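We use all heavy atoms of the structure for the numbers below, so side chains are in, but hydrogens, waters and symmetry mates are not. The structure displayed is predicted, hence computed values, not measured ones.
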Amino acid sequence: MSGSQDGRRHSRDDVSEMALRLLDEYGLPDLTMRHIANALEVRASALYWHFPNKQALLAAVSARILRPMEDVRVEEMTVSEAVRGLGARLRECLLAYRDAAELVSSSLALGLVDSPIRPQLLAVTRRDEVPDSLATVAAEAVMHFVVGYTFHEQQRLSADAFGLLAEDTSLNPDDVSASAADGGEFEEALTMIAHGLEVLSPSARAGARPGPDGRAAAS
């Protein structure tokens with residue numbers, strides 16, 4: 001049976017779904033085309049029936065990881081709520097799978113997947129007449145911060161699992177767990193970005209200032 005015929009046994013979605021399962025089980029370094037093909041019981045060449053190269057397959061996996069971002073409803077959110085809500089959901093998406101932040105970061109850097117933050121945040125900031133150019137910068141800041149923050153979280157957790165953390169490091173397992181559970185630093189960073197956008201709204205320029213919850217308060 002030829003490689004292309006082998007490939008027809010599985011759909012494009014079947015291949016990317018299996019790749020996501022293997023990513024979560026074995027990690028990104030072991031996510032090879034041969035490993036995926038073996039799991040699907042086809043030849044490695046059969047995968048190229050659906051994807052021209054490995055990067056295209058990894059982009060499809062990244063898109064699967066980011067898919068829950070589509071469920072965030074921003075219609076009734078303030079700018080601050082949108083920044084914090086989208087950032088928190090993105091972190092949840094990345095933490096759901098092993099090495100997901102590293103994989104998504106690579107796909108974003110190569111332009112193989114689109115930011116799930118930008119279109120949703122622009123929909124909110126346009127209601128408040130925030131310039132698109134500034135809102136886009138904020139959206140990129142949220143994306144890069146969340147991906148980088150989560151990448152470091154996953155790196156520390158992986159290092160701990162392999163016993164690679166130095167005994168005298170402050171990033172001991174208890175600290176890592178407490179940091180992930182608390183999320184205070186993460187929330188504060190998103191709030192800073194949100195406040196930066198809030199002050200650009202017409203209400204802020206008219207004399208209002210963001211309150212403690214990120215909403216505009218009277219001066």
Using side chain to side chain contact (heavy atoms under 4.5 Å, CB included), reason through Gln120 and Val124 one step at a time and then give a plain yes or no. CA-CA 7 Å; Gln120 300 229 61; Val124 177; over 6 Å; no
How far apart are the C-alpha atoms of Asp99 and Leu31, what are their side-chain angles, what is the distance that settles it, and do they pass the side chain to side chain contact (heavy atoms under 4.5 Å, CB included) test? CA-CA 11 Å; Asp99 294 342; Leu31 187 61; over 6 Å; no
Could you walk me through whether Leu90 and Leu66 pass the side chain to side chain contact (heavy atoms under 4.5 Å, CB included) test, one step at a time? CA-CA 7 Å; Leu90 177 57; Leu66 296 174; 3.5 Å; yes
Could you give me the CA-CA distance, side-chain angles and deciding distance for Leu58 and Phe51, then say whether side chain to side chain contact (heavy atoms under 4.5 Å, CB included) is met? CA-CA 10 Å; Leu58 295 182; Phe51 298 96; over 6 Å; no
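Side chain of Asp128 to main chain of Val130: no donor-acceptor pair is present (N/O by atom type, distance under 3.5 Å, no hydrogens or angles). Of the possible donor and acceptor atoms, one in the side chain of Arg12 sits under 3.5 Å from a partner among the backbone N and O of His50. For Gln154 (side chain) and Leu94 (main-chain N/O), a donor-acceptor pair under 3.5 Å exists by modelled atom type. Arg84 contributes no side-chain N or O that, together with a main-chain N or O of Ala194, makes up a donor-acceptor pair within less than 3.5 Å. Looking at His10, its side chain does come within 3.5 Å of a backbone N or O of Leu40 through a donor-acceptor pair.
Residue Tyr97 qualifies as open at atom OH: its count of foreign heavy atoms under 6.0 Å is 12 or below. Surrounding CD of Glu75 are more than 12 heavy atoms belonging to other residues, nucleotides or ligands, all under 6.0 Å away. Atom CG of Asp132 has more than 12 heavy atoms from other residues, nucleotides or ligands within 6.0 Å. Heavy-atom neighbours of Arg21 CZ from other residues, nucleotides or ligands within 6.0 Å: at or below the threshold of 12.
Linking Ile, Leu, Val, Met, Phe, Trp and Tyr whenever their side-chain heavy atoms come within less than 4.5 Å puts Leu134 and Val79 in one cluster. Under the 4.5 Å side-chain heavy-atom criterion for grouping Ile, Leu, Val, Met, Phe, Trp and Tyr, Leu103 is connected to Met18 within one hydrophobic cluster.
Separating the CG atom in Leu190 from the CD atom in Glu185 is a distance of 11.0 Å, to the nearest 0.5 Å. Taken to the nearest 0.5 Å, the CD atom of Gln55 stands 9.0 Å off from the OG atom of Ser62. The NE2 atom of His152 sits 10.0 Å away from the OG1 atom of Thr150 when rounded to the nearest 0.5 Å. The CG atom of Leu28 sits 8.0 Å away from atom OG of Ser106, with the distance rounded to the nearest 0.5 Å. The CZ atom of Arg34 lies 10.5 Å from the CG atom of Leu47; values are rounded to the nearest 0.5 Å. Put simply, CG on Asn38 and CE on Met33 are 12.0 Å apart, with the number rounded to the nearest 0.5 Å.
We find that Glu140 and Arg118 are joined by a salt bridge, their nearest charged nitrogen and carboxylate oxygen being less than 4.0 Å apart.
Under the side-chain contact (heavy atoms from CB on, under 4.5 Å) test applied with Val83, the options Thr125, Ile117, Val142, Thr78 reduce to a single match, Val142.
Under the side chain to side chain donor-acceptor pair (under 3.5 Å) criterion, Ser16 pairs with Arg64, sequence neighbours left out.
Between Met77 and Val72, the closest side-chain pair of non-hydrogen atoms falls below 4.5 Å. The side-chain heavy atoms of Thr136 and Leu122, taken from C-beta on, include a pair separated by under 4.5 Å. Val146 places a side-chain heavy atom less than 4.5 Å from the side chain of Phe186.
For the residue pair Ser11 / Asp14, a side-chain donor-acceptor distance below 3.5 Å is found, with atom types taken as modelled.
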